[in-house]
Amino acid sequence: MTSTMFRSRVADGAHNLIFGLSALALAGAVFYVDTFTNIEGAIAVLYVVATLLAAQVTTRIGLIVAAACYTVLTLFSYAITHFGDADLQSMIRLIGALAALIVTTMLLLKTETARLTLVSINSALKESEARYRSIFDRTRVALWERDYSKLRAYLMQLKAEGVQDLKAYARANTNFLDHCTGLITVVASNEAAREMLGPEGASFGALRRSIIPGQEKFLNLLQVIMDGGKVFEDKVEARADNGEEKLVLLSISFPEDPAAFNRVVVSMVDVTQRELALKALAEAQAELAKASKAATIGALSASLAHELNQPLGAIVVNAQTLLRWLDRDPPDLQAVSRSAERIIRDSQRASEIIQNTRSLLSHESGKLEPVSVNDLFGETLALMEHELQRSATAVNIQAESTPTVIAVKVELQQVLINLISNAIQAMDEASSAERVITLSTDHLDSERISVRVRDTGPGITDQVKEKLFSPFFTTKTFGMGMGLSICRSTLEARGGKLEGGNHPDGGAMFEMHLLIKPEMAHA
């Protein structure tokens, strides 16, 4: 116990002793005068003073006991002095003294109740403030208490003068933002705030060091205050004491009461590294998608080379035939014309093959055009003829009469090639005895058709099915895990979708849903 506390307790004890002795002395004096002297009057009323003195040193029960004793003394004195000859005046004086004593006691009890309630409320308020301060100081989120009262008053003044658009006002008044910044002061900050911006950026006073001037986000904050908004949250730039600029998530909740703007809680979360990581991830994903696309084209190179060999070989044969017909005497011009037409046809086919390959590698979105699914099957199988022959895989086409779809032909071809290649590889790895790929179509409704690719391989396990379209997930030894993910993204970008599962009769089955007329937003 410190000396100050000891002296305080000694002073309180002396105070209580003085008031207690004074109450007893006054009560004894009142009883003596009222009982043993000839003074006429409501002497007993002075017990009220003794009650007031007793209230300073006793509890509620003690006060009631004291008041009861004073009542008994009053009645006892009256009985001694007026026994047998009580009159109306003395009776009125007695009733008045008792009424004053009772009313005083009740008022003192009520006052004590109010005092205890006030003490309890004050204690709870102190505990709440202590809890708030503990949370404020110890949380790892950077927190400030800032005084926005001057700023709000200034903005309300501008609003009263007719200013509504602060951005236009800031363009016309170059010192506006600096002036507004100077009106904000820091009342308190926690340790996390000092770690984020440094001791000066989080210290009491103005925020000129930490607020980067000229930010549109700061004007948005000012507009929220002027418009009476309750919450502002956005990513903004802040400057630390060492000059480092950080991207932070700023969150402010403004109070309902304008008088409470002198202590507004502001929180900041440093998201600089997260944003940089997200940007790097997005760039890496874009590069990976591009690389995966190129890898897909590389995987098709053998099939494309084989397909090019066919029209080029046909061109050579037709050219040789044309020369033979020209060497005739006389030349057979009709046969020459037929050979020339075949040369043109095969040249165009080779040109389309090369153009499709270039489109796959192009950064530009393909051109929408009517695409017949049956023609798409034929051209895709022609591209993959070499791969199908190598793997001894048969293809069964069950195509219904479906309408043409408006799509980018080369994109659908890329998806179909990927699904057929996956089916071939799945049957190769499982050494399937029956190697058949079934291509089928179905007219689902007036807006959609479906294209199904089914194989006779081992199917898809439940564990694989859950991650089938997840990027980077693959069951192949040298796979990248991007093929199916890119296929689904390609179709979804045009309003379609891709689903995968197992056929009831065995084998895996992938189903493409294609919009007959893609939505303009997707197109």
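Note that the structure is a prediction, hence the values are computed from the model and not measured.
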For the atom pair OG (Ser267) and CD1 (Ile252), what is the distance rounded to the nearest 0.5 Å?
8.0 Å

More than 12 heavy atoms of other residues, nucleotides or ligands under 6.0 Å from CD of Gln398: is that the case?
yes

Tell me if a side-chain donor or acceptor on Asp442 pairs with a main-chain N or O of Ser450 at a distance below 3.5 Å.
no

Output a table of donor-acceptor pairs, distance under 3.5 Å, between side-chain atoms of residues 149-156 and any protein atom two or more places apart or on a different chain; print 'none' if there are none.
{"residue": "Ser149", "atom": "OG", "partner": "Asp147", "partner atom": "OD1", "Å": "2.5"}

Tell me, please, which residues at least two apart from Asp428 pass salt bridge (charged side-chain N to carboxylate O under 4.0 Å, His left out).
Arg390, Arg435

Atom CG in Leu388, atom CD1 in Ile424: separation rounded to 0.5 Å?
4.5 Å

Check side chain to side chain donor-acceptor pair (under 3.5 Å) between Glu369 and all other residues, then give those that pass, not counting sequence neighbours.
none

All side chain to side chain donor-acceptor pair (under 3.5 Å) counterparts of Arg324, not counting sequence neighbours
Thr321

Count the heavy atoms belonging to other residues, nucleotides or ligands that lie under 6.0 Å from CD of Glu161, then report whether that count exceeds 12.
yes

Ignoring hydrogens and geometry, is there a side-chain-to-backbone donor-acceptor pair from Thr272 to Lys246 under 3.5 Å?
no

Within residues 318-347 or reaching into it, pairs that qualify as ring-ring contact (aromatic ring centres under 6.0 Å, His included) - sequence neighbours excluded
none

Sidechain-backbone polar pair: Arg454 side chain, Met509 backbone, donor-acceptor under 3.5 Å
no

Please walk me through it: do Trp144 and Ile184 pass side-chain contact (heavy atoms from CB on, under 4.5 Å)?
CA-CA 12 Å; Trp144 286 262; Ile184 306 172; over 6 Å; no

If you take all heavy atoms of Thr393 and Met427, which pair is closest and at what distance?
CG2-CE, 3.9 Å

Under the side chain to side chain contact (heavy atoms under 4.5 Å, CB included) test against Val371, which residue among Thr404, Val408, Leu514, Val405 passes?
Val405

Please tell me if the side chains of Thr441 and Phe377 come closer than 4.5 Å, counting only heavy atoms from C-beta onward.
yes

Backbone N or O of Asp445 within a donor-acceptor pair of the His443 side chain at under 3.5 Å?
yes

Spacing of CG belonging to Leu250 relative to CD belonging to Glu233, to within rounding of 0.5 Å
8.5 Å

Report yes if the side chains of Ser253 and Val265 come closer than 4.5 Å at any heavy-atom pair, otherwise no.
no

Pair Leu498, Glu492 - check side-chain contact (heavy atoms from CB on, under 4.5 Å), show working.
CA-CA 8 Å; Leu498 177 63; Glu492 290 178 348; over 6 Å; no

How would you list all residue pairs meeting salt bridge (charged side-chain N to carboxylate O under 4.0 Å, His left out) that involve residues 249-259, not counting sequence neighbours?
Lys230-Glu256

Write down the atom of Cys180, the atom of Leu222, and the distance for their closest heavy-atom approach.
SG-CD1, 3.9 Å

So, do Leu439 and Val451 sit near enough that their side-chain heavy atoms are less than 4.5 Å apart?
no

Decide yes or no on side-chain contact (heavy atoms from CB on, under 4.5 Å) for Asn173 and His179, but give the supporting numbers first.
CA-CA 10 Å; Asn173 299 268; His179 180 65; over 6 Å; no

CD1-CD1 distance between Ile437 and Ile397, expressed to the nearest 0.5 angstrom:
11.0 Å

Once salt bridge (charged side-chain N to carboxylate O under 4.0 Å, His left out) is applied, do any residues pair with Asp505, and if so which ones, sequence neighbours excluded?
none

Atom pair OG1 (Thr438) and CG (Asn396), whose distance is rounded to the nearest 0.5 Å
4.5 Å

List in chain and number order the residues that pass ring pair (Phe, Tyr, Trp, His ring centres under 6.0 Å) with Phe232, two or more places apart in sequence or in another chain; answer none if no residue qualifies.
none

Hits for salt bridge (charged side-chain N to carboxylate O under 4.0 Å, His left out) against Lys279, two or more places apart or cross-chain, chain-then-number order -> none

Donor-acceptor contact present, side-chain Ser337 to main-chain Leu333, <3.5 Å:
no

Within the structure provided, determine whether Glu379 and Lys409 are in side-chain contact (heavy-atom separation under 4.5 Å).
yes

So, using salt bridge (charged side-chain N to carboxylate O under 4.0 Å, His left out) as the criterion, who are the partners of Glu195 when residues are at least two apart?
Arg140

If you define the side chain from C-beta out and look only at heavy atoms, does anything of Ser251 sit under 4.5 Å from Val266?
no

Rounded to the nearest 0.5 Å, the CZ atom of Arg263 sits from the CZ atom of Arg146 at a distance of 14.0 Å

Tell me, please, which residues at least two apart from Asp227 pass side chain to side chain donor-acceptor pair (under 3.5 Å).
Gln223

Closest contact, heavy atoms only, Pro403 versus Ile516
CG-CD1, 3.7 Å

Can Arg338 and Glu341 be counted as an ion pair, charged N to O under 4.0 angstrom?
no

For Leu143, is there any backbone N or O sitting under 3.5 Å from a side-chain donor or acceptor partner on Asn190?
yes

Considering only heavy atoms from C-beta outward, does the side chain of Phe510 approach that of Ile460 to under 4.5 Å?
yes

Residues in side chain to side chain donor-acceptor pair (under 3.5 Å) with Lys159, at least two apart?
none

